[in-house]
Amino acid sequence: MGNADQQHSDTTPTNRYSAQMAQDIELRWQRWWEAQGTYVQPNPGEDGFDASKPKYFCMDMFPYPSGAGLHVGHPEGYTATDIICRYKRMKGFNVLHPMGWDAFGLPAEQYAIQTGVHPEITTKTAIDNFRRQLQRFGFCYDWTREFGTIDEDYYKWTQWIYLKVYHSWFDVEADRGKGKARPINDLISDFMSGKRTVKLNPHAVEYTGAGDLPDGTDAGPWETLDNETRKAVVDSYRLAYLSQQTVNWCPKLGTALANEEVKDGLSERGGFPVFRKPLRQWMFRITAYSDRLLDGLKDLDWPNSTKTQQAEWIGRSEGAEVGFPIVLGGGMEMGETLRVFTTRPDTIYGATYMVVAPEHGLVEMAMEFAGEDTDCDQISEYAAWASNRSDIERQENKEKTGIFLGIHVRNPLTEELIPVWTADYVMMNYGTGAIMAVPGQDQRDWDFAKKFDLPIVRTVTPPKDFEGDAYTGDGPAMNSGILDGLMIDDAKAKIIEWMSEHHIGAKRVNFKLRDWLFSRQRYWGEPFPIVFDDRGNHHGVGEDSLPVRLPPLADYQPVESDTPQPLLAKATDWVHTTAGEAGVDGMHPDSKVTRETNTMPGWAGSCWYYLRYCDPKNSEKLIGDAAQDYWMGEGGVDLYIGGNEHAVLHLLYARFWHMVMFDLDVVKSQEPFRKLFHQGMITSHAFQRPNKTLVPIDEVENRGTEEKPAYFETAENTPVERIVAKMSKSLKNVVNPDDVIEEYGADTFRLYEMYMGPLEASKPWNTRDIIGLYRLVQKMWRLCIDEATGELKFADAADDKVEKQLHRMVAKVGDDVEKLSFNTAIAAMFEFVNVAKRLTKDQMDRFVRVIGPFTPHVAEEIWHKMGNETSVAVADWPSFDEAMLVDDEIEIPIQVMGKVRARLHVAPDTDVKTLEEMALANSRIQELIEGKTVRKVVVVPGRLVNIVAN
RNA sequence: GAGCCUGUGGCGGAAUUGGUAGACGCAGCGGACUUAAAAUCCGCCGGGGUAAAACCCAUGAGGGUUCGAGUCCCUCCAGGCUCACCA
């Protein structure tokens, strides 16, 4: 089926474009490009750099090289960027188009464990294979800039950035209240000089709930404090900090995972159950950047869906924080308040009970001050049950559970006592971990109140015909004292003002975004440049001692357990070192220190790789100034293409690092990626039984015709339906790019993937359709080359129709490439080769330039046959004449009441009046409007005439 | 449950952004060339209707705005993606 080689027979011309010829042409030119350094882009200051040209920095999301090799999804985005880069180069840009490898992280380590081969070996093999496969496509990457995140030269700088972040804090007041990162030493000198009050960072998540005052507690003058206190205070401000956190612990993977790496209560990698467990972990204070990460989205040329996803992930919501005085069992006010966050402070009169998360401090306190209503045994049992519940269980069963704590709070508005419950539908890590429950206006609270028979008070008047439970819509307030009659917005404003005046509460903005859990207990990652002294205090390793090399480890099998043990702890010689060895300033060189044994997560290396591409060999700096000024410019990367699965994680993390580096003057642009684009997924076909289960394609046969297929599952003899499905090994519908290239060549493969449909759409792979693009390459070839002799063939004189069509193609292809609309650009090529049978040398010259970005190999072959000695890749993009795009005569439809009834053939610039006259004079139209009144004639010059008559 | 996206011939998809629906490719059908086939070239190719036209229907369904709707608005259906007890 469709094997291009089988089309050869004795009568086939010897120089017809064939799969065999494609192999020969492609490999030959690929070697030549490499030898010539055709795609090597010099940096500012280097030989061959042309400073007069504008820059174009175009990047693919680099791949994670797996043992399985490239699948057909990879080259989709890569072909798109390749075409754009080739086009931009021809349009006079200096093009930075690099490729590298995201190579640390869990999948490589899991694979190594399965195969028993060290991840360093499997990873390097996979990289070599990926590189070979990518090069076979003829992509115009500047391979001299290649690196992997596992290279010591690279992760040295990853660690360097980590240290930068570690040694800085977020000054919320800086930059007119927007806040920015500053060196931690600035903070310390402020403390020492007394310029700044010494107190724990009131915004530090790890101290939520600590201190009596929402604004933190004054620790006293710096000189009166002991070293431990000073360190605790300073550390509470660091952008990278250690904290006991309830983490997503995955026993199977033997590591903690970030929230983002947990899907439906299962680990994204492997799909293993995840539990909550308190662990001491490195965190990034990304929440300090919530507002800036959100605001920055506005100016980015990114897909809206991606911006929305990030915005929702950051999850800004406005509301109020309100304090409810706590009343113990005996009715005694204890002087503390229960703080809650609510977006509906206007409903406070309807707060009939309170709920705190099972991990909330008040649960312990309730048991400590137990009154007669407090059943301590049941409470602790419930708290234990709730914390052992995996997220997957929580999501599968949303039946409300909870228990009364035996204590009350006083509603500051009604003065009534309200019972306090604990329930796991309230999360400790959002807001304050406590809510005021208003069942009248919140369905979750309603469900809980119904189950536990708690009172329900409506405070917003529902519409007359309202029949649901909780009413969340707008309406005048009721049962609400001073708020009665006000609509929601006014009621909110009024109650917040009232609360502020009475020091009960205040307006507050809350974010869903949480601090970023940055340590993993695995082997295959960047070591932290951190050591601990004998008192357990952490110290940054000196910059001169970077990189902290990952120690060789023969046994990297994770310990499957409930008590986390970082794998690096096994490298005892490496772990135990001295301050001098590790390069710690301010300590005696012989002091014994131990190294941090956690490693960084896979995201670390991909957070900043775009910067290193600009200056990959720089041993002095992460990126040189000249390289940064030129390539990153104002807005950073000019085009970044990759899958939308990275819409939140990678792209948010990278923006965060970039912002910190911007604040610390490491980078000069505010955002890393000015324009972002997601290529769609390439899917495949599979078959579905009536019960929706899937059948692999090799277990199905078509018992109908091509036109009217009737698919049957062979073994079962039952009909199945053909559907679009993801490519997967189990469905046997995976396409291997190597096979396709062997059968048709890389040029055809490139064209096919670009012709399948819009770049952003997900599209099913249809092996049958490839032949059409193969024929296109053959036609391109045949248009220029005599198939019998292999020599160029030329037309004696330019044909007008062909010349016109050529101008059209030049215009259309250029336009479409700029719009990333490659499928329509290729359609224009089809149209051209369908019209043109022979070209003059001058026409051929332009034709070859235009196909160059799409089919670089066959274009280069013809280009050189034409006598050119330099690559078509560095030729100029041809120009075209606007006048040639206009037809001599166009067809204008005449509509009557919006339906086409006749057509006019006129010059394209025929004016309104003439068109109207011609339309009304048309005999067919006269028949139709006879006896009717012409009410109106709409004339759109160059488009149509519409007559309104009745 | 919330948000976003998509729905056009047998299939993949076009449509100047409100102006002739179905460009281009695949598949199919007919023809030329050939002893024959492949390849190549030419023609046809949404449905109904007609001798051929005319004409009617048609962009998931139903309404609306408009001289005119695949495109804009409302309701619904189907599929996909994202988030999800977030207060």
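If you're wondering where the values come from, they're calculated on a predicted model, not measured in any experiment. A, B, ... follow the sequence lines: proteins, then strands. Residue 1 opens every chain.
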Nearest-angstrom distance, [atom1] atom, [N] to [M]:
N: B/U66; M: B/G13; atom1: P; result: 35 Å
N: B/G1; M: B/C76; atom1: P; result: 13 Å
N: B/G12; M: B/C5; atom1: P; result: 22 Å
N: B/C33; M: B/A15; atom1: C1'; result: 37 Å
N: B/A27; M: B/G79; atom1: C1'; result: 25 Å

What does [X] touch in the nucleic acid at a heavy-atom separation under 4.0 angstrom: a base, only the sugar-phosphate, or nothing?
X: A/R316; result: nothing
X: A/M756; result: sugar-phosphate
X: A/K899; result: sugar-phosphate
X: A/K837; result: nothing
X: A/Y755; result: base
X: A/N766; result: sugar-phosphate

State, without any angle test, whether A/S317 and A/Y430 hold a side-chain donor-acceptor pair at a distance under 3.5 Å. yes
Has A/E889 got more than 12 heavy atoms of other residues, nucleotides or ligands less than 6.0 Å from its CD? yes
Where do A/V945 and A/E916 land on the side-chain contact (heavy atoms from CB on, under 4.5 Å) test, with the steps shown first? CA-CA 7 Å; A/V945 180; A/E916 180 171 342; 5.7 Å; no
Is B/G13 in the syn or the anti form, by the rule that syn lies within 90° of 0? anti
Is the glycosidic torsion of B/U17 within 90° of 0, making it syn, or is it anti? syn
Given atom [atom1] of [X] and atom [atom2] of [N], what is their separation to the nearest angstrom?
X: A/L773; N: B/G25; atom1: CG; atom2: P; value: 10 Å
X: A/K307; N: B/G3; atom1: NZ; atom2: C1'; value: 17 Å
X: A/K763; N: B/G80; atom1: NZ; atom2: C1'; value: 15 Å
X: A/F832; N: B/G25; atom1: CZ; atom2: P; value: 15 Å
X: A/Y17; N: B/U40; atom1: OH; atom2: P; value: 15 Å

Using purine N1 to pyrimidine N3 plus N6-O4 or O6-N4 for Watson-Crick, or N1-O2 and O6-N3 for G-U wobble, both under 3.5 Å, which nucleotide pairs with [N]?
N: B/A61; answer: B/U75
N: B/C29; answer: B/G43
N: B/G19; answer: B/C67
N: B/C4; answer: B/G80

Between A/E76 and A/K763, does at least one N-O distance fall below 4.0 Å, as a salt bridge requires?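 Salt bridge: yes.
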Note: A/D291-A/R316 ion pair, threshold 4.0 Å (strictly below): yes
Centroid separation A/F452 to A/Y353 less than 6.0 Å: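 For A/F452 and A/Y353, the ring centres are not under 6.0 Å apart.
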So, applying ring pair (Phe, Tyr, Trp, His ring centres under 6.0 Å) with A/Y752, which one of A/Y774, A/W765, A/F822, A/Y744 is it? A/W765
Selection from B/A54, B/C83, B/G12 that lies nearest to any side-chain heavy atom of A/W313: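 Comparing B/A54, B/C83, B/G12 against the side chain of A/W313, the answer is B/C83.
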Can you tabulate the close N/O pairs, meaning under 3.5 Å, that link protein atoms to atoms of nucleotides 20-22 of chain B?
from	atom 1	to	atom 2	distance (Å)
B/U20	O2	A/E891	OE1	3.3
B/U20	O2	A/R903	NH1	2.2
B/U20	N3	A/E891	OE1	2.7
B/U20	O4	A/E891	O	3.0

B/G25 phosphate, OP1 or OP2, under 4.0 Å from A/N834 side-chain N/O: yes
